[in-house]
Amino acid sequence: MPLLATTPVDKMNGPYPRRWWALLVLCLSLLIVVMANTSLIVAAPDMTADLGLSSSDLQWVIDGYTVPYAALMLVLGAIGDKYSRRGALIAGLVIFAGGSVMGSLVEETGLVIAARAVMGVGAAVVMPATLSLLVAVFPRGERARAITAWTATSGLAIAVGPLVAGWLLEDHAWGSTFLVNVPIAVLAVVGALALVPPSRAAGMGRIDYVGGLLSIVSVGSLVYASIEGPHFGWGAGPVAAAVVAAVGLVAFVAWELRHPHPMLDVRRFLQRPFSGSMLAVLFFFFGTYGAIYYATQFLQFVLGFGALETGVRLLPLAGAVFVGAAVTGRLTPKLGVKAMVGSGMAIGTVGVFLLVLIDQGSTYADFLAPMLLLGLAIGLSVSPATDTIMGTFPESELGVGGGANDTALELGGSLGIAVLGSLLGTAYRDELGSLVGDRLPAAALDTAQDSVGGGLAVAHRLATDPAAGPEQAQALTDAVGRAFAHGVSTTSLVGGIIMAAGTLIVLAVLPGRSRHAAGNGPEAEPAPAAPEPEHGDTAR
């Protein structure tokens, strides 16, 4: 058996014999890309203390990764299609590892944000490459199972990221949460060379770089506006970004409709399976990422769990993802995509609504059922939605298909964290002001209202202040916990309503099983305006 995988996919007479080992490499690559976001949730308190981060600084340390990640996936997926999907995967892993090394060494806020941005660029190359390689390597009869494993890996990373980061933070500084990515990336590069066969689209033609540039401007501006506006006010910057995003989107659609070989044929959105699945991914990650984001903060700041303890308590979510993935793998061929996606979104909506019950006296047990439901929902719905999205793209556009799916995922997640996080901050700030606004100096109140971490820091200072003392400090600590619990409850109500509305929209858009041809592949409704594939699926 050769040490390196050198035979291209389209030169093989049958399915690639080591495709399941290749899937392991792809899932490992996906794991570190998703972990880079989730691990930072538990590392944030240490970074804030060490670097003296303001609320704005911390937000951009987190989202410096998100903006290039979301904006570049579509274009970089197309470049991988044309030149080399495996080459794109390896290049992305190298860039990601380089950004991780930089992030572990720097000690200035601006440089940490820059390192996160470099990691985001690497992730934007890796993410669509993993999905396009998966679809290229696996024959259609096995593709749904492979995508289910890919989806389960994404859910696993949500819990494993905080767990690994918490374990590292027990004995190491926050820089270790960056550095841990490097050996995993090196292992994935070696695995890609040995186990993942070369693949690229034959006869693809020129890349639509104008459409690609318009997509970068539109998505990047939208993500920037959604982060900056809700958190820090709709000043000139966020408003301008929102206008640019709207104009860019109109220009992108107009250009793609006229271009003979568009970056993304927007007529594909006329296909109800595609548009319904894209909406499902967007709405689903809007609600789940937002809920997991603030639930994790409650575990750390209000219940006082350390980084490792928080990571351990997120493990049930990962277990539920695997249960949901196993169930959807068996039931989707029998019940259809609409039934599984709708059921998953409904279960996730219930999970978000259960967080409305959170109050000052809540314990970890009150978060267990919502997390189990969210994990189960991820496992049930994301895999069939992703399989449907990828099934609408010809072999020459698998990277674009992966980029489209992953853009919806990342855009939904970033909007969820930004919008729901902003609602949480507003509710917390108003409630804390009503509780202790007349008992704290203006400067201390302003700091306490900035974030739950700021409120606890002010309480700690009060405990050592002879003019205040432990009683006043405890009173503020209790008020911070009560205000944050109020924020979680209020935000979950809004998030649950948005999720419920999204579920109804998705169910209305997705066609029923009777509208589809039976088979093992993703359900697809033909649309006359959609482009015909230039050649057969070389993975078959």
Side-chain angles (χ1 to χ4, degrees), residues 70 151 218-219 222-223 226 230 242 245-246 249-250 252-253 264 266-292 324 328 332 335-356 373-374 376-392 401 404-420 423 491-516 522-527 529-530:
T151 302
S218 301
V219 176
L222 176 60
V223 174
S226 69
L249 178 60
V250 172
F252 174 75
V253 172
L264 173 65
V266 294
R267 297 178 184 86
R268 191 169 270 111
F269 284 94
L270 297 175
Q271 301 179 25
R272 290 171 59 192
F274 175 78
S275 56
S277 296
M278 288 284 285
L279 285 171
V281 171
L282 191 146
F283 274 113
F284 186 79
F285 281 97
F286 177 95
T288 55
Y289 264 45
I292 292 169
T328 202
T332 301
L335 302 179
V337 169
K338 181 173 184 175
M340 299 312 298
V341 171
S343 297
M345 292 189 69
I347 290 171
T349 300
V350 172
V352 174
F353 270 129
L354 282 178
L355 292 171
V356 173
L373 291 175
L374 288 172
L376 181 63
I378 291 172
L380 284 175
S381 62
V382 177
S383 173
T386 297
D387 193 21
T388 300
I389 290 168
M390 295 303 295
T392 64
N405 177 85
D406 300 336
T407 299
L409 187 156
E410 189 61 25
L411 185 60
S414 61
L415 286 172
I417 290 174
V419 174
L420 297 182
L423 290 172
T491 304
S492 298
L493 178 62
V494 176
I497 291 171
I498 293 173
M499 281 279 286
T503 301
L504 294 176
I505 292 171
V506 168
L507 288 175
V509 174
L510 280 176
R513 187 168 175 79
S514 61
R515 298 288 301 276
H516 299 90
E523 301 172 1
E525 180 182 71

Student: What closest approach, in Å, do M345 and M499 show between heavy atoms, and which atom pair accounts for it?
Tutor: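 That closest heavy-atom pairing would be O-CE, 4.1 Å.
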Student: How many angstroms lie between atom OG of S275 and atom CD1 of I505, to the nearest 0.5 angstrom?
Tutor: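 With rounding to 0.5 Å, OG (S275) is 11.5 Å from CD1 (I505).
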Student: If the condition is side chain to side chain donor-acceptor pair (under 3.5 Å), which residues does D406 pass it with, not counting sequence neighbours?
Tutor: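 If we apply the side chain to side chain donor-acceptor pair (under 3.5 Å) test to D406, skipping adjacent residues, there are no hits.
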Student: What heavy-atom pair brings G324 and L380 nearest, and what distance separates the two atoms?
Tutor: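 Answer, listing the atom of G324 first, then L380: O-CD2, 3.7 Å.
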Student: Could you pull out all residues at least two apart from S381 that satisfy side chain to side chain donor-acceptor pair (under 3.5 Å)?
Tutor: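 Side chain to side chain donor-acceptor pair (under 3.5 Å) list for S381, sorted by chain: empty.
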Student: Excluding sequence neighbours, so at least two apart, what forms ring pair (Phe, Tyr, Trp, His ring centres under 6.0 Å) with F269?
Tutor: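 Applying ring pair (Phe, Tyr, Trp, His ring centres under 6.0 Å) to F269 gives F274.
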Student: Please report the interatomic distance OG1(T349) to CG(L354), rounded to the nearest 0.5 Å.
Tutor: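 Between T349 OG1 and L354 CG, I get 11.0 Å after rounding to 0.5 Å.
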Student: Do you know which two heavy atoms are closest between I347 and L373, and how far apart they sit?
Tutor: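 So the two residues come closest at CG2-O, 3.5 Å.
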Student: Under 3.5 Å, which donor-acceptor pairs do the side chains of residues 278-291 form with other protein atoms, sequence neighbours left out?
Tutor:
| from | atom 1 | to | atom 2 | distance (Å) |
| --- | --- | --- | --- | --- |
| T288 | OG1 | F284 | O | 2.9 |

Student: If you round to the nearest 0.5 Å, how far is CG of L415 from OG of S226?
Tutor: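 The CG atom of L415 is 4.5 Å from OG of S226, to the nearest 0.5 Å.
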Student: Please round to the nearest 0.5 Å and tell me the distance separating atom CG of L222 and atom CG of L249.
Tutor: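 The CG atom of L249 is 8.5 Å from CG of L222, to the nearest 0.5 Å.
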Student: Report yes if the side chains of L510 and S277 come closer than 4.5 Å at any heavy-atom pair, otherwise no.
Tutor: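 A side-chain contact under 4.5 Å exists here.
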Student: How close do L355 and S492 get, counting heavy atoms only, and between which atoms?
Tutor: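 So the two residues come closest at CB-OG, 3.1 Å.
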Student: Report the distance from atom OG1 of T503 to atom CG of L507, rounding to the nearest 0.5 Å.
Tutor: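 T503 atom OG1 to L507 atom CG measures 6.5 Å (nearest 0.5 Å).
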Student: Going by the rule side-chain contact (heavy atoms from CB on, under 4.5 Å), which residues pair with S414 if we only count those two or more places apart in sequence or in a different chain?
Tutor: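 Listed in chain order: T66, V223, L411.
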Student: Applying side chain to side chain donor-acceptor pair (under 3.5 Å), can you list everything that pairs with T328, at least two apart in sequence or on another chain?
Tutor: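 T328 satisfies side chain to side chain donor-acceptor pair (under 3.5 Å) with T332 only.
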Student: Under the rule for side-chain contact (heavy atoms from CB on, under 4.5 Å), what residues qualify as partners of A339, not counting sequence neighbours?
Tutor: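 Partners of A339 under the side-chain contact (heavy atoms from CB on, under 4.5 Å) test: L335.
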Student: Which residues satisfy the side-chain contact (heavy atoms from CB on, under 4.5 Å) test with T491, sequence neighbours excluded?
Tutor: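 Result, side-chain contact (heavy atoms from CB on, under 4.5 Å) vs T491: Y294, L420, L423, L424.
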Student: For the CG atom of N405 and the OG1 atom of T392, what is their distance to the nearest 0.5 Å?
Tutor: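 Reported value, rounded in 0.5 Å steps: 10.0 Å.
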